[in-house]
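In this chain, residues are counted from 1 in sequence order.
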Amino acid sequence: MDFLHTVLGDDIQASLLIILNLIVIESLLSVDNAAVLATMVMDLPKDQRDKALKYGIIGAYVFRGICLFLAAWLVKIWWLKPLGGLYLLYLAFDYFRKKNAKKNEEEEEVDKSKSWIYKSTVGLVGTFWATVALVEVMDLAFSIDNVFAAVAFTDNIYLIYIGVFVGILAMRFVAQAFVKLMEKFTFLETVAFIVIGVLGIKLTSSLFTHFNPESPISHVIEGEKTDLFVSIFTVAIFILPVLTSLLFNYPKKTKAELEVVDKADEVLDKS
């Protein structure tokens with residue numbers, strides 16, 4: 001029991017709820033990451049496409065493993081939390097911007113030609129290795145997302161380790177189950193980015209608490225009740241729409257606009 005308290009903290013139930021949140025968030029992030037990787041290699045010939053995806057998956061594992069070891073150091077750099085929060089807010093904003101713009105499939109795909117990394121390497125190493133280089137950079141960005149998402153829920157380093165480790169497992173095992181779930185409940189992708197936005201706000205608020213640690217607002221932001229509320233909110237915002245969809249068909253279950261799911265499934269089948 002002492003070991004559990006050491007790892008999970010004084011409130012074991014709250015910590016288990018955080019771990020459940022991390023499983024959900026990391027799995028959904030892995031689905032989105034897999035879809036982006038699939039989009040980036042689509043212009044390659046099929047044999048090269050499969051090979052590039054394998055390199056991308058290996059890179060995802062390697063960078064997440066590195067972040068697992070660096071997590072304890074990363075969380076001590078206070079300005080990384082608000083910076084990570086702004087990045088998560090950007091991810092959420094960019095998703096809803098594209099969703100509202102209702103762009104067609106070609107416009108939604110990643111345009112590698114606009115990437116400085118791709119343009120700098122394609123002439124030297126060719127299209128295949130330039131694509132692999134860009135995929136690995138994206139893997140690094142996704143792995144940092146993995147750490148930021150965990151830090152948004154807790155400052156407990158052991159729980160952060162668990163969160164990053166869940167991100168590694170999610171790429172191989174859990175995410176494929178979420179692909180199937182998202183195929184049935186396509187609105188879960190939107191829900192995921194709402195949660196990412198909430199986590200972004202929570203991380204960004206650390207800028208205020210750092211400079212005003214004794215403020216009553218800071219005590220509320222950093223308090224256990226706020227952490228518990230965020231954890232419950234994250235679980236509820238996923239579970240309740242699924243229940244209402246099953247019971248009342250609202251939000252409606254639909255097979256439309258499944259490009260993200262199909263691309264993610266293709267990548268995860270190769271992992």
Side-chain angles (χ1 to χ4, degrees), residues 12-39 88-89 91-103 105 108 142 145-146 149-150 152-154 159 162-163 165-202 225-269 271:
I12 293 178
Q13 290 181 328
S15 296
L16 291 175
L17 186 60
I18 288 172
I19 292 172
L20 176 61
N21 277 307
L22 291 172
I23 291 172
V24 172
I25 292 298
E26 299 297 349
S27 299
L28 285 163
L29 281 175
S30 294
V31 171
D32 193 58
N33 298 169
V36 172
L37 294 186
T39 301
L88 292 182
L89 285 173
L91 290 179
F93 171 78
D94 191 54
Y95 169 79
F96 287 106
R97 179 183 62 81
K98 290 179 179 177
K99 188 177 179 67
N100 290 333
K102 295 181 180 179
K103 292 184 178 180
E105 184 179 355
E108 288 178 350
F142 294 152
D145 290 350
N146 182 216
F153 279 106
T154 179
L159 291 182
I162 291 172
F165 186 66
V166 165
I168 296 173
L169 293 180
M171 279 296 292
R172 178 63 183 89
F173 300 107
V174 189
Q176 204 148 22
F178 273 81
V179 166
K180 302 301 180 186
L181 192 63
M182 286 174 65
E183 184 176 0
K184 188 173 184 180
F185 304 102
T186 53
F187 55 81
L188 285 179
E189 185 186 11
T190 299
V191 171
F193 279 94
I194 291 173
V195 172
I196 288 171
V198 171
L199 296 182
I201 292 171
K202 188 174 187 296
K225 289 183 179 179
T226 301
D227 291 339
L228 183 61
F229 171 78
V230 172
S231 297
I232 293 173
F233 169 80
T234 305
V235 173
I237 200 174
F238 282 106
I239 292 177
L240 292 179
V242 171
L243 289 177
T244 58
S245 183
L246 288 171
L247 295 173
F248 309 110
N249 196 28
Y250 184 83
K252 290 183 178 181
K253 298 187 289 290
T254 175
K255 291 273 184 178
E257 299 178 1
L258 290 177
E259 291 88 354
V260 171
V261 173
D262 290 338
K263 290 171 183 174
D265 206 15
E266 178 185 350
V267 174
L268 295 169
D269 277 338
S271 64

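Between Thr244 and Pro251, the shortest heavy-atom contact is OG1-CD, 3.7 Å. Minimum interatomic distance between Ile237 and Val191 (heavy atoms only, all atoms of both residues): O-CG1, 3.3 Å. Taking both residues in full, the closest heavy atoms of Phe187 and Pro241 are given as CE1-CB, 3.5 Å, listed atom of the first, atom of the second, then distance.
Around the CZ atom of Phe229, the shell of radius 6.0 Å holds no more than 12 heavy atoms that belong to other residues, nucleotides or ligands.
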Assess the residue pair Thr190 and Phe96 against the criterion (side-chain contact (heavy atoms from CB on, under 4.5 Å)); give the C-alpha distance rounded to whole Å, side-chain angles, the decisive distance to 0.1 Å, and a yes or no. CA-CA 8 Å; Thr190 299; Phe96 287 106; 3.6 Å; yes

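Taken from CZ in Phe233 to OG1 in Thr226, the straight-line distance is 13.5 Å, to the nearest 0.5 Å.
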